[in-house]
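Proteins come first, then strands; the chains are lettered A, B, ... in the order of their sequence lines, and each starts at number 1. None of these values were measured; they are calculated from a predicted model.
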Number of protein chains: 2
Amino acid sequence: MALKHTLLALLSRQPLSGYEVAKEFAEGFGSCFWKASQQQIYAELTKLEQQGGITYEAITQPGRLDKKIYSITPEGLQDLTDWLIKPSEPAAIREDLGVIGLAGHLISHRVVVREIERRRQIHAEKLQQVKRMDEYFAQNINTLELKELYMHLVIRRGIRYQEEWVAWCDEVLGAIAQATDR
Amino acid sequence: MALKHTLLALLSRQPLSGYEVAKEFAEGFGSCFWKASQQQIYAELTKLEQQGGITYEAITQPGRLDKKIYSITPEGLQDLTDWLIKPSEPAAIREDLGVIGLAGHLISHRVVVREIERRRQIHAEKLQQVKRMDEYFAQNINTLELKELYMHLVIRRGIRYQEEWVAWCDEVLGAIAQATDR
DNA sequence: TTCTTGTATTCAAAAAGTTGAATACAAGAT
DNA sequence: ATCTTGTATTCAACTTTTTGAATACAAGAA
């Protein structure tokens with residue numbers, strides 16, 4: 001359950017509402033390495049609050065539900081650092097597209113090509129997005145503090161990941177073109 | 001629920017027992033793109049059989065439970081090809097190690113370095129493993145049929161993935177060394 | 001001869017994640 | 001005047017995945 005610790009880590013930087021946390025995962029830095037739905041985030045935040053790892057300050061808003069600004073507690077910070085020093089396991093890969101390696105030949109190669117082209121575009125767009133996140137860090141690379149450097153490096157992981165996808169799609173497209181040409 | 005279709009795809013190539021399927025995911029080609037536990041595989045196989053996508057032939061073994069050799073049915077094959085032509089979404093990323101981008105500065109950089117070194121080694125070993133899987137395909141690259149080519153390309157995805165990890169770890173190690181040196 | 005590894009399957013509880021909503025208002029666009 | 005987008009939270013049902021077992025025998029190693 002690393003969502004818990006990802007939330008703790010995010011809130012260790014600054015207090016945020018559930019909505020802002022969800023936005024961070026959907027569009028911001030969090031999207032480089034963690035995916036979670038809004039509902040999942042709200043549920044986990046409630047649980048974490050009950051466990052004492054975080055607290056919230058309710059902002060009364062006339063005519064609607066309170067806005068809750070969550071912040072980390074000393075217990076939450078301790079939990080986070082305890083977790084950080086533990087060895088991590090590589091994430092499980094579960095990529096639908098890999099199934100073509102097993103059964104791609106059961107459908108027309110034109111359908112496969114179209115699909116890879118579509119995926120190439122998705123990853124190329126994602127790549128532009130993560131590159132924009134890295135702009136500030138890349139420009140000040142030699143003066144970054146460790147805190148910023150770590151963030152830059154994880155964004156670099158996101159950049160490499162998307163670059164790798166684009167390059168693989170190109171390799172696949174080239175190889176299929178060559179093979180169906182023979 | 002792409003585990004279902006990954007199983008269908010695997011069994012579209014040859015009949016296998018649950019044990020063999022699990023081994024394929026743990027060590028074989030399946031490990032390039034899909035992770036599932038043995039229990040999960042057995043459960044899914046039972047469900048798929050009840051739905052009619054696969055059937056099994058029970059091999060009686062004296063003194064122990066029957067061995068079930070599963071194979072795909074025409075309905076299963078139809079289900080698989082229907083699924084294959086549908087657009088796929090990029091897999092969700094959930095990488096524990098990414099949390100250091102948010103909170104790595106809360107612990108000693110020496111602990112971070114040790115952890116990245118450990119991860120580098122894990123991925124370097126995994127890389128050797130997937131490269132071995134690709135040996136036959138890489139040597140016969142110009143004479144592969146589409147069926148083999150697809151498998152090669154997905155293994156290439158696995159190779160690139162692990163190479164990318166190793167390269168990123170090196171980048172991180174270099175950057176931390178430089179930053180802590182200043 | 002005992003221990004480990006490999007073959008082979010099954011059960012069950014708990015945790016995590018997905019899908020599909022409902023509620024409510026402000027601000028800007030058509 | 002209505003429609004969409006953005007802010008902000010909550011509920012509930014369902015599916016998927018993880019965790020932690022139990023059972024049982026063969027073959028080879030120590």
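At the phosphate of D:dT9, neither OP1 nor OP2 sits under 4.0 Å from any side-chain N or O atom of A:Gln39. The side chain of A:Lys23 contributes an N or O atom lying less than 4.0 Å from OP1 or OP2 of D:dT7. Contact annotation: B:Tyr42 side-chain N/O to C:dT10 OP1/OP2 distance is not under 4.0 Å. Contact annotation: A:Tyr19 reaches the phosphate of D:dT7 (side-chain N/O to OP1 or OP2, under 4.0 Å). Checking the phosphate oxygens (OP1, OP2) of D:dT18, a side-chain nitrogen or oxygen of B:Lys35 falls inside 4.0 Å.
Proximity of residues 45-57 of chain B to DNA chain C (heavy atom under 4.0 angstrom from any strand atom) is not detected for any residue.
Atom CD of B:Gln178 has 12 or fewer heavy atoms from other residues, nucleotides or ligands within 6.0 Å.
Salt-bridge annotation for B:Arg156 and A:Glu171: present, with a side-chain N of the basic residue lying under 4.0 Å from a carboxylate O of the acidic one. Residues B:Arg120 and B:Asp170 are paired through a salt bridge, judged by an N-O separation under 4.0 Å between the basic side chain and the carboxylate.
Looking at A:Gln38 and A:Tyr19, their side chains never bring a donor and an acceptor atom within 3.5 Å of each other.
Rounded to a whole Å, the CD1 atom of A:Ile69 is 10 Å from the C1' atom of D:dA8. B:Gln40 places its CD atom 17 Å from the P atom of C:dC11, with the value rounded to the nearest Å. As rounded to whole Å, 10 Å separates atom P of C:dT7 from atom NZ of B:Lys67. In this structure, A:Ile93 places its CD1 atom 17 Å from C1' of D:dT17, rounding to the nearest Å. The separation between B:Glu27 atom CD and C:dG6 atom C1' is 11 Å, rounded to whole Å.
Between B:Lys68 and B:Arg94, the residue anchored nearer the 5' end of DNA chain C, judged by the nucleotide with its closest heavy atom, is B:Lys68.
Between the side chain of A:Glu115 and the main chain of B:Ser88, a donor-acceptor pair closer than 3.5 Å is present.
Here A:Gln38 lies in heavy-atom contact (under 4.0 Å) with a base.
Between A:Arg132 and A:Gln129 the shortest side-chain heavy-atom distance falls below 4.5 Å.
Partner of B:His123 under the side-chain hydrogen bond (donor to acceptor under 3.5 Å, both in side chains) criterion, out of B:Gln121, B:Lys126, B:Glu125, B:Arg119: B:Arg119 alone.
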